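Take a look at the structure set out below.
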There are 2 protein chains.
Amino acid sequence: MSADPIQAPAPPDPAESGIQVLDRVVGLLGLLGEASEGGAQLSRLAAGLGLSASTAHRLLAALEHHGWVERVEGGRRYRLGTALIGLAGQAAEGTGLRRLCRPALTRLTGESGETTFLIVRSGLNAVVVDRQEGAYVIESLTHGVGGLIPLGVGAGSAAILASQPPAEIEEVLAANGVRYPQFGTSGVQVRRRVQQIQQDGYLLSEDSLISGLAVLSVAIRPAGHNVTAAIAMNFIASRHDQAARHAFLGLARQEAARIEAALALPGSLPRPSSIGVP
Amino acid sequence: MSADPIQAPAPPDPAESGIQVLDRVVGLLGLLGEASEGGAQLSRLAAGLGLSASTAHRLLAALEHHGWVERVEGGRRYRLGTALIGLAGQAAEGTGLRRLCRPALTRLTGESGETTFLIVRSGLNAVVVDRQEGAYVIESLTHGVGGLIPLGVGAGSAAILASQPPAEIEEVLAANGVRYPQFGTSGVQVRRRVQQIQQDGYLLSEDSLISGLAVLSVAIRPAGHNVTAAIAMNFIASRHDQAARHAFLGLARQEAARIEAALALPGSLPRPSSIGVP
DNA sequence: GTAGTTTTTCCGTATTATGGAATTGTCGCG
DNA sequence: CGCGACAATTCCATAATACGGAAAAACTAC
């Protein structure tokens with residue numbers, strides 16, 4: 001017999017890691033993240049992952065014990081816990097990138113009065129690591145720190161994608177293809193934009209997903225490291241003329257260059273201080 | 001024999017949850033969070049938790065697979081991964097509190113030019129859920145979004161503690177007692193401050209941990225819910241006189257009241273929109 | 001070039017998580 | 001107000017899972 005009739009040759013599910021408890025926990029947290037507002041109920045979660053109710057319950061209880069999951073006021077529904085926020089803070093600080101870039105973001109927001117973002121790659125997504133609010137809050141910009149965006153969608157995210165090696169770009173495009181339509185774009189569009197960025201070294205676009213909103217982004221590509229991050233700005237198109245926008249672009253490129261230079265020096269990342277507590 | 005000589009009666013470690021893989025993962029991530037900058041190496045992590053090297057390796061590999069852990073450039077050291085940042089963003093948005101409070105923070109920062117924080121309880125800690133940067137960046141304020149502070153230390157954190165039921169307060173004070181000295185304070189001081197807040201309903205202090213830095217905080221105590229959050233402001237004392245500080249306090253109390261009112265209405269939390277992507 | 005340390009892989013074992021079944025709790029409807 | 005249906009929780013025997021010792025490989029230091 002050429003094929004073993006009983007033992008299927010272990011189909012390697014890309015979502016599995018070798019430790020199922022972890023896979024399941026990750027799955028649960030993922031579902032909880034999607035579940036909006038009122039939280040998710042046990043049975044849905046269990047069904048969503050193909051778990052028995054008892055297993056789901058046991059895992060959730062353990063997660064709750066660690067503060068990774070909370071029960072919504074009423075008592076019966078689950079939601080992501082605040083302990084995760086703390087972990088993430090440490091993760092964001094971990095590379096030191098946020099600390100290094102914050103002054104740049106502050107300066108950019110100060111000069112322009114617009115909202116600036118620091119964005120980093122995370123697998124197939126880009127994640128907002130820091131954000132400085134501009135003078136005018138743009139209502140539709142709901143992506144705060146921790147916001148996830150498919151790699152390629154949006155200015156900063158596209159800039160990061162554009163600075164990946166070609167093979168990597170193709171992989172991402174293939175993997176994210178199905179998600180693009182949900183975000184009002186397409187693989188073709190993303191590819192075009194990426195090429196544009198590779199050519200120019202930046203993105204400055206008047207016609208973002210939201211009409212009247214201009215976007216701008218510059219990738220941060222330090223020499224030695226492979227941190228691929230980007231600085232992005234979103235602003236109301238009508239508030240500035242083309243000259244002003246190009247001025248902002250210049251500032252952003254300057255800040256990016258400064259950060260790249262700082263990263264080139266070993267030990268450049270400033271150390272944290274533990275006092276000064278709100 | 002009165003005591004069983006072999007089977008110790010399962011000493012219930014408060015850090016254990018019933019699922020050891022999870023406990024160990026939490027432990028690993030905790031250590032990784034403390035490990036600064038260059039990351040942590042496998043052997044230290046394993047030793048820190050009393051694990052065999054192989055177990056630690058297997059767990060870390062699985063975590064890396066999920067993006068919860070990354071390997072620092074060189075290749076051999078570990079650090080927290082960006083996927084956690086994404087999770088946290090969802091956690092922070094989960095309650096809807098951040099979305100609800102952001103306009104308030106923006107207004108407060110706009111009026112005062114100072115940095116404002118939204119802080120929420122997380123177990124024995126308070127965690128910074130949102131932060132709006134003031135016009136002047138105060139260098140020593142390193143606590144960005146996700147920053148962890150022992151409950152009772154710092155203005156916002158103390159305000160949250162003060163709004164807990166008395167028994168709870170005692171528990172927290174007992175548990176956190178040993179940590180206070182590390183943060184330049186003491187259980188006695190914290191208790192005094194908490195009583196002050198309970199009496200006044202707010203905290204306005206000129207003598208924070210950092211000289212020349214004034215702090216201000218107001219708890220958010222919605223009627224039905226038990227969300228205990230706080231708004232805090234840190235500002236340079238010399239930039240304002242006492243009258244101005246009291247004006248800011250008034251604004252903050254007003255915003256807190258507005259938020260409490262909004263929380264009282266069911267369905268008050270605004271829904272997220274998925275467009276508007278940096 | 002060699003000795004020592006750290007990381008990674010392998011694999012038999014027993015500890016651990018599993019899920020079916022039973023119990024308790026909660027909600028909706030007659 | 002009480003019954004029926006559904007969801008959550010607890011219990012427990014089972015086997016699948018994660019464990020860690022040992023050996024190999026990779027890397028560092030000397």
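Since we're looking at a predicted model, the values are computed, not measured. In what follows, every heavy atom counts, from backbone to side chain, and hydrogens, waters and symmetry copies are set aside. Just so it is clear: chains get the letters A, B, ... in the order the sequence lines come, proteins before strands, and each one is counted from 1.
In this structure, B:R24 reaches the sugar-phosphate backbone alone: every heavy-atom distance under 4.0 Å involves primed, P, OP1 or OP2 atoms, never a base. At a threshold of 4.0 angstrom between heavy atoms, the contacts of B:L51 with the nucleic acid are absent.
Taken residue by residue, residues 53-61 of chain A places heavy atoms nearer than 4.0 Å to DNA chain C at A:S54, A:T55, A:R58.
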Subject >> side chain to side chain contact (heavy atoms under 4.5 Å, CB included) evaluation trace for B:I119 with B:V127 >> reply: CA-CA 6 Å; B:I119 300 173; B:V127 59; over 6 Å; no
**OP:** Begin with the C-alpha distance, continue with both residues' side-chain angles, and end with the deciding distance and a verdict on side chain to side chain contact (heavy atoms under 4.5 Å, CB included) for A:V172 and A:Q164.
**Re:** CA-CA 10 Å; A:V172 171; A:Q164 306 294 322; 5.9 Å; no
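Within the 3.5 Å criterion, the main-chain N or O of A:R221 finds a donor-acceptor partner in the side chain of A:E260.
Screening residues 51-61 of chain B for salt bridge (Lys or Arg N to Asp or Glu O under 4.0 Å), with sequence neighbours left out, gives no hits.
Note on A:R76: every side-chain N or O is 4.0 Å or more away from OP1 and OP2 of C:dG25. Contact annotation: B:Q20 does not reach the phosphate of C:dT15 (side-chain N/O to OP1 or OP2, under 4.0 Å).
Using modelled atom types, one finds no donor on one side chain facing an acceptor on the other under 3.5 Å when comparing B:D23 with A:H65.
Computed from C1' positions of five pairs at each end, the angle between the two local axes of the helix from C:dG1-D:dC30 to C:dG30-D:dC1 equals 50°, rounded to 10 degrees.
Each of A:Q41 and A:G18 was assigned the nucleotide of DNA chain D with the nearest heavy atom; the assignment lying further toward the 5' end belongs to A:Q41. Remark on DNA chain D: of its neighbouring residues A:L22 and A:Y78, the 5'-side contact belongs to A:Y78, judged by nearest-heavy-atom nucleotide.
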